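Quick caveat, the model's predicted, so the values are computed rather than measured.
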Protein chains: 2
Amino acid sequence: MRTRQAVEVLAALGQETRLDIFRHLIQAGPAGLPAGEIAARLKVPLATLSFHLQHLKHARLARSQKRGKLVIYSANFTTVDRLIGYLLHDCCGRPRTGLEVCGEAARESKPASKSVSGEADS
Amino acid sequence: MRTRQAVEVLAALGQETRLDIFRHLIQAGPAGLPAGEIAARLKVPLATLSFHLQHLKHARLARSQKRGKLVIYSANFTTVDRLIGYLLHDCCGRPRTGLEVCGEAARESKPASKSVSGEADS
DNA sequence: CTTACGCTTCTACAATACTGGAACTATGAG
DNA sequence: CTCATAGTTCCAGTATTGTAGAAGCGTAAG
């Protein structure tokens, strides 16, 4: 993933409403959700929702397909994977390997264990 | 990492100038870089740079320390790690495991190999 | 003390983004 | 065909963000 696209994806997710929408799409899995359903769940006017959905589509974070008069939106997981790849390699490949970071990430989801790395957290 | 903070970090990195600054900080490693040096490298006016640096600090993506009359900025790797953790678990923990994603990310950095997953890329 | 330097804060302006009502388009039911 | 439903696009209006000159604040050297 190029930096230019990374900026676009990061900016797309760096907005509360949009990240909320995206999380709902993830929850819904590959089956996706119709726009109206998302609007109802998030209590966002359809026009506003549509605006953000176009944004997510443009960043390749969401896909849409028509089913009757519904428009079903679903998350594009590969874009997130690529973003993570970008963060791991282009940004943070210097001080440690991706697997190490994955290890740290995995550790974070567990209750708690004595921190292994010595880095403080400002 | 809470969603609220994730939005902040994503937004902080979702801006070209700021991502550029951050990448330079990463390149510089733990030693960091003085503000003026960053401004010179990126050819950004000091006032503009300072604005973005405060932004990065607020998102806990950068730290600063004074050394004489220099202000040295350095990247806070753990925040990126946590962001990745958030993306892996809170966002994308549904369809596959973190290690799988790490595998995909690792694969992406190599020249090219026949795509293993069947997912299309819209 | 005075000056130079490095950086931040102040300030104003331009650009961009977010929001949501209203009008419009497409699909399906009666 | 007519009507209802689902979404998108249009169009303000408002808010937020990005940019950068100018002034201000420390620090250190002369």
B:Arg4 bridged to B:Glu8 by N-O distance under 4.0 Å: no

What integer distance in Å separates A:Leu56:CG from C:dA17:P? 14 Å

OP1 or OP2 of C:dA17 under 4.0 Å from side-chain N/O of A:His52: no

Answer yes or no: does a side-chain N or O of A:Thr48 lie under 4.0 Å from OP1 or OP2 of C:dC18? no

What's the NE2-C1' distance between A:His55 and C:dT19, to the nearest Å? 13 Å

CD of B:Glu16 versus P of D:dT17: gap in Å, rounded? 18 Å

Assigning hydrophobic clusters by single linkage (Ile, Leu, Val, Met, Phe, Trp, Tyr; side-chain heavy-atom cutoff under 4.5 Å), is B:Leu56 placed with B:Leu70? no

Looking at the side chain of A:Phe51, which of D:dT19, D:dG26, C:dC18 is the nearest nucleotide? C:dC18

Interatomic distance, B:Ile21 atom CD1 to B:Ile26 atom CD1 [nearest 0.5 angstrom]: 13.0 Å

Roughly how many Å is it from CG in A:Leu46 to C1' in D:dA6, rounded to a whole number? 7 Å

If you pin A:Ser50 and A:Lys69 to their nearest nucleotides in DNA chain D, which one's is more 5'? A:Lys69

Could you tell me the separation between the CG atom of A:Leu33 and the P atom of D:dA6, rounded to a whole number of Å? 15 Å

Describe the nucleic acid contact of A:Leu70 in one word from base, sugar-phosphate, nothing, applying a heavy-atom distance below 4.0 Å. sugar-phosphate

Using the side chain to side chain donor-acceptor pair (under 3.5 Å) rule, take B:Arg60 and B:Thr78 through it: C-alpha gap first, then chi angles, then the decisive distance, then the call. CA-CA 9 Å; B:Arg60 294 172 173 274; B:Thr78 61; over 6 Å; no

What is the distance, rounded to the nearest whole Å, between atom NE2 of B:His58 and atom P of D:dG18? 13 Å

Do the side-chain N or O atoms of B:Thr17 get closer than 4.0 angstrom to the phosphate oxygens (OP1, OP2) of D:dT19? yes

Would you mind telling me which of D:dA20, C:dC7, C:dT19 lies closest to the side-chain atoms of B:Ala35? C:dC7

Closest-nucleotide mapping onto DNA chain C: is A:Pro45 or B:Leu49 further toward the 5' terminus? I mean the 5' end. B:Leu49

Touch class at under 4.0 angstrom, heavy-atom based, for A:Arg67 against every strand present: nothing

Between B:Tyr73 and C:dG6, is there a contact of a side-chain N or O with OP1 or OP2 at under 4.0 Å? no

Which whole-number value in Å describes the distance from B:Leu42 CG to D:dG18 P? 15 Å

At under 4.0 Å between heavy atoms, what does A:Ala47 touch on the DNA or RNA strands: base, sugar-phosphate, or nothing? base

Length of the line joining B:Ile38:CD1 and C:dC7:P, which is rounded to integer Å: 9 Å

Following the transitive rule for hydrophobic clusters with a side-chain heavy-atom cut-off under 4.5 Å over Ile, Leu, Val, Met, Phe, Trp and Tyr, establish whether B:Leu61 and B:Met1 coincide in one cluster. yes

